[in-house]
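Contents: one structure, followed by commentary.
Positions are given from 1, in the same order as the sequence printed here.
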Amino acid sequence: MSEFAATVVAPEYPPHMKHKVIFETFDKLQPGEALQLINDHDPRPLRYQFEMERPGQFSWEYLEQGPATFRVKIGRI
């Protein structure tokens with residue numbers, strides 16, 4: 001069984017769809033599950049958006065921090 005319930009490869013989506021897809025994927029997670037986000041830049045603005053829209057509902061762990069690829073484990077608490 002994978003460590004992740006889902007993986008989102010953000011560069012595969014048009015810019016206006018990326019955060020929507022990530023939040024929809026996150027919202028389908030059960031408590032204790034996590035998604036893997038793969039991106040081509042630091043998704044720090046996304047983390048700020050999570051803090052505003054899902055306070056206390058997520059964990060954030062960098063698995064890889066560039067320079068070309070960023071991988072983040074976003075867990076549902």
Side-chain angles (χ1 to χ4, degrees):
M1 185 172 158
S2 174
E3 178 182 359
F4 304 103
T7 295
V8 176
V9 182
E12 293 180 350
Y13 296 93
H16 68 283
M17 293 294 298
K18 291 180 182 181
H19 286 198
K20 181 180 186 304
V21 169
I22 294 164
F23 276 97
E24 286 177 353
T25 303
F26 175 81
D27 288 340
K28 292 177 185 172
L29 296 176
Q30 298 298 313
E33 290 183 331
L35 71 86
Q36 175 181 219
L37 172 64
I38 300 173
N39 206 4
D40 57 3
H41 63 273
D42 190 344
R44 187 177 309 169
L46 176 67
R47 182 176 184 160
Y48 297 148
Q49 188 174 355
F50 262 94
E51 290 172 354
M52 294 290 294
E53 297 186 13
R54 305 291 191 279
Q57 299 176 40
F58 72 97
S59 61
W60 184 278
E61 178 185 352
Y62 282 101
L63 304 173
E64 187 174 347
Q65 290 186 275
T69 301
F70 289 77
R71 292 189 314 120
V72 181
K73 178 180 178 181
I74 304 173
R76 185 168 187 106
I77 296 175

message: Check whether R76 reaches the backbone of F26 with its side chain - one donor and one acceptor, N or O, closer than 3.5 Å.
response: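 Here the side-chain-to-backbone pair exists.
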field: Fellow cluster residues of I38, listed by chain then number, with links counted only when side-chain atoms sit under 4.5 Å apart
entry: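 Taking Ile, Leu, Val, Met, Phe, Trp and Tyr as members, I38 shares its hydrophobic cluster with V9.
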message: Does I22 form a side chain to side chain contact (heavy atoms under 4.5 Å, CB included) with Y13? I'd like the steps, not just the answer.
response: CA-CA 10 Å; I22 294 164; Y13 296 93; over 6 Å; no
If you define the side chain from C-beta out and look only at heavy atoms, does anything of [X] sit under 4.5 Å from [Y]?
{"X": "L37", "Y": "F70", "answer": "no"}
{"X": "V72", "Y": "N39", "answer": "no"}
{"X": "I77", "Y": "Q57", "answer": "no"}
{"X": "L35", "Y": "T7", "answer": "no"}

Presence of salt bridge, K20 and E24, under 4.0 angstrom: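 Result for this pair is yes, salt bridge flagged.
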query: Which pair of non-hydrogen atoms, one from K18 and one from A10, has the smallest distance, and what is that distance?
result: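 So the two residues come closest at CE-O, 3.2 Å.
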task: Could you tell me which non-hydrogen atom of A5 sits nearest to which non-hydrogen atom of L29, and how far apart they are?
output: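 Closest pair (atom of A5, atom of L29, distance): CB-CD2, 3.6 Å.
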Distance-only donor-acceptor pairs under 3.5 Å for side chains of residues 42-55, two or more places apart:
residue	atom	partner	partner atom	Å
D42	OD1	R44	N	3.2
D42	OD1	Y62	OH	2.6
D42	OD2	R44	NH2	3.2
R47	NE	E51	OE2	3.4
Q49	OE1	H19	ND1	2.5
Q49	NE2	E53	OE2	3.2
R54	NE	D27	OD1	3.0
R54	NH2	D27	OD1	3.2
R54	NH2	D27	OD2	2.7

message: Using the side chain to side chain contact (heavy atoms under 4.5 Å, CB included) criterion, which residues pair with K73? Sequence neighbours excluded.
response: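 Testing K73 for side chain to side chain contact (heavy atoms under 4.5 Å, CB included), a comparison that skips the adjacent residues, returns E3, F4, A34, E61, L63.
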